[in-house]
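So you know, we letter chains A, B, ... as the sequences are listed, proteins then strands, and number each from 1.
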There are 2 protein chains.
Amino acid sequence: MEPSHRNLAHQVVHELGKKIMEGTYKVGDSLPSEADLCTQFNISRTATREAVKMLTAKGLISSRPRQGIKVVDSKYWNLFDVDVLNWILLGKPDLYLLRHFLQLRLAIEPEAASLAAQFAQESDIENIEHALVRMKNATNGQDDTHEADIDFHKSVLCASNNPFFIQLNNFIETALKINIRFTNRLVAVTVEEYQAHVDIFELIKNKKPQEAFDAALVTQKATLAIVNKQIEVLEAETA
Amino acid sequence: MEPSHRNLAHQVVHELGKKIMEGTYKVGDSLPSEADLCTQFNISRTATREAVKMLTAKGLISSRPRQGIKVVDSKYWNLFDVDVLNWILLGKPDLYLLRHFLQLRLAIEPEAASLAAQFAQESDIENIEHALVRMKNATNGQDDTHEADIDFHKSVLCASNNPFFIQLNNFIETALKINIRFTNRLVAVTVEEYQAHVDIFELIKNKKPQEAFDAALVTQKATLAIVNKQIEVLEAETA
DNA sequence: CCCACCTTAATTGTATTATAAATAGTATTG
DNA sequence: CAATACTATTTATAATACAATTAAGGTGGG
């Protein structure tokens with residue numbers, strides 16, 4: 001897609017969105033008034049107001065006469081919005097946030113594999129296969145490890161042929177990126193990881209929903225278990 | 001929350017959003033130009049542009065000079081946005097859409113029950129219990145059946161203490177409403193349904209994640225199986 | 001004839017100014 | 001002291017002007 005900073009309003013949305021997600025403006029806080037935002041960003045009220053409206057549409061703020069612009073309760077935030085997810089990524093994700101991501105991945109990805117085994121078209125199978133080729137190349141350093149991995153997970157989601165699962169592409173991608181940040185070894189894909197993906201692919205291709213579900217579940221549970229362990233250690237230390 | 005039509009821009013967002021989701025404006029179609037929208041709604045360009053920006057923020061449209069305002073590919077739509085979900089509901093949901101909702105519920109709700117069994121606070125337990133009381137009252141016609149049911153599912157989601165699951169409240173609520181529309185019997189909650197909910201509650205309260213997961217899974221699978229069957233029948237008829 | 005370049009016109013992007021509406025806080029008045 | 005009225009602040013809306021972008025068509029050189 002096009003860059004998100006095509007115009008002034010989008011730039012301001014990006015700046016303010018980042019600041020809200022990183023906690024510069026906290027829930028309940030007031031943002032600067034329209035007039036102040038105009039001077040801060042050196043733009044007209046038109047652009048400022050459009051930015052405010054966009055953040056309102058994403059559920060981050062509300063603006064009312066005399067009351068000003070305020071950050072609303074986080075339960076109203078559109079956490080699955082691609083911009084919001086990117087702002088989360090720009091913040092300082094901690095282990096608890098990573099766990100929250102992994103908990104939802106545990107729910108989503110096995111079922112996505114199951115649906116893919118039931119509803120995948122030929123083109124979907126080809127896309128998964130192509131991602132696997134990239135991963136294999138990545139084991140030899142001929143392709144980007146992380147990108148290939150993200151590609152694989154996305155292609156499975158899309159193969160579910162369910163628009164809601166497909167919409168979670170951005171979520172999964174962000175989850176993987178945060179995961180990468182914590183396991184920050186720039187190693188190539190291990191043979192075991194690659195083989196696990198191949199196994200899931202074969203089960204999808206051969207239309208084995210339950211088996212594909214189970215295979216994906218094992219992977220997700222393993223990842224989540226690691227983080228749960230890390231949090232346990234962390235909490236034992238601080239206690 | 002406050003009504004979504006507090007101001008002109010919000011009203012226009014609502015009107016256009018509805019038309020996009022119901023297919024009056026299809027993917028790739030051009031919407032009327034800013035100037036035309038101004039005359040159609042009899043409002044200023046300021047208000048029109050703010051509405052356009054809000055729909056852009058929700059991922060439904062894009063607007064560029066000379067090119068105009070266009071409905072973007074549906075894979076970019078923020079399907080988990082509360083407004084978008086309501087517009088979907090206002091359209092004419094079919095069995096396939098219902099199945100898509102149920103497929104995601106199957107992924108989400110059992111895991112939410114599991115997380116609730118692991119992470120629920122006392123207040124969360126109380127909220128679930130309160131929803132159960134409402135359901136019991138509904139069996140006697142003393143409360144609204146559907147509202148009580150929605151309450152229960154929401155309270156479990158919130159008990160997961162995972163912001164991403166909590167954000168899916170709107171999704172689950174919409175799914176239930178669509179389900180109600182198809183099973184349009186205005187009957188009271190059956191004893192079996194109520195008992196199934198009580199069982200899940202007990203398992204959550206007694207911190208049995210796996211058992212809570214399994215219990216919720218049974219319920220979801222049963223519902224999905226019914227719809228799969230209906231679709232099977234439908235496709236047999238049209239073939 | 002064809003391709004590269006230029007011009008034009010349509011549409012959104014931005015700025016400015018003015019006024020209206022909503023409302024929190026303060027003052028007034030009975 | 002309480003109810004009311006006033007005031008000032010902030011967002012909401014409108015109107016106008018001009019800039020920037022770009023699709024489409026026209027123009028000229030080869």
Query raised in the report: How long is the line joining CD of B:E34 and P of D:dA20, in whole Å?
Result: 17 Å
Query raised in the report: Which nucleotide sits closest to the side chain of A:P65: D:dT13, C:dA24, D:dT10?
Result: D:dT10
Report task. Figure out the CD/C1' separation between A:E50 and D:dA12, and round it to whole Å. Result -> 14 Å
Query - Residue A:L8, side-chain heavy atoms: nucleotide from C:dG13, D:dA12, C:dA15 that is nearest - result: C:dA15
**Report entry** base_contact_polar (C:dG13 base, A:R6 side chain, donor-acceptor, <3.5 Å)
**Finding:** no
Query - Gap between atoms CG and C1', on B:L37 and C:dG13 respectively (whole Å) - result: 16 Å
Requested in this report: Please tell me which of A:Q67 and A:R45 maps to the more 5' nucleotide of DNA chain C, matching each residue to the nucleotide holding its nearest heavy atom.
Outcome: A:R45
Query raised in the report: Between D:dA14, C:dT14, C:dT12, which nucleotide has the shortest distance from any of its atoms to the side chain of B:I43?
Result: D:dA14
**Report entry** Salt bridge A:E50-B:R49, side-chain N to carboxylate O under 4.0 Å
**Finding:** yes
Requested in this report: Give the rounded distance in Å between these two atoms: CZ of A:R49 and P of C:dG13.
Outcome: 17 Å
Query raised in the report: For B:F41 and D:dA12, what is the distance between atoms CZ and C1' respectively, to the nearest whole Å?
Result: 18 Å
Report summary line: To the nearest angstrom, the CZ-P distance between A:R64 and D:dT9 comes to 20 Å
Query raised in the report: Is B:T46 side chain donor-acceptor paired with the D:dA14 base, going by distance under 3.5 Å alone?
Result: yes
Query raised in the report: With a 4.0 Å cut-off, would you call A:E173 and A:K154 a salt bridge?
Result: yes
Query - Short side-chain N/O contact from B:K53 to OP1 or OP2 of C:dG13, under 4.0 Å - result: yes
Report summary line: note: A:I61, atom CD1; D:dT10, atom P; distance rounded to Å ~ 16 Å
Requested in this report: Considering just the side-chain nitrogens and oxygens of A:S33, establish if one lies under 4.0 Å of OP1 or OP2 belonging to D:dT9.
Outcome: no
Query raised in the report: Counting distance only, does the side-chain N/O of B:R181 pair as donor-acceptor with the main-chain N or O of B:L89 below 3.5 Å?
Result: yes
**Report entry** Residue whose closest nucleotide on DNA chain C lies nearer the 5' end, A:A9 versus A:R66
**Finding:** A:A9
Query - Test log, rule ring-ring contact (aromatic ring centres under 6.0 Å, His included), inputs A:F101 and A:F171 - result: CA-CA 8 Å; A:F101 271 98; A:F171 175 85; 4.9 Å; yes
Query raised in the report: Would you say a side-chain N or O of A:S44 is under 4.0 Å from OP1 or OP2 of C:dT14?
Result: no
Query raised in the report: Between A:F164 and B:H100, what is the ring plane arrangement, given parallel below 30°, perpendicular above 60°, and tilted in between?
Result: perpendicular
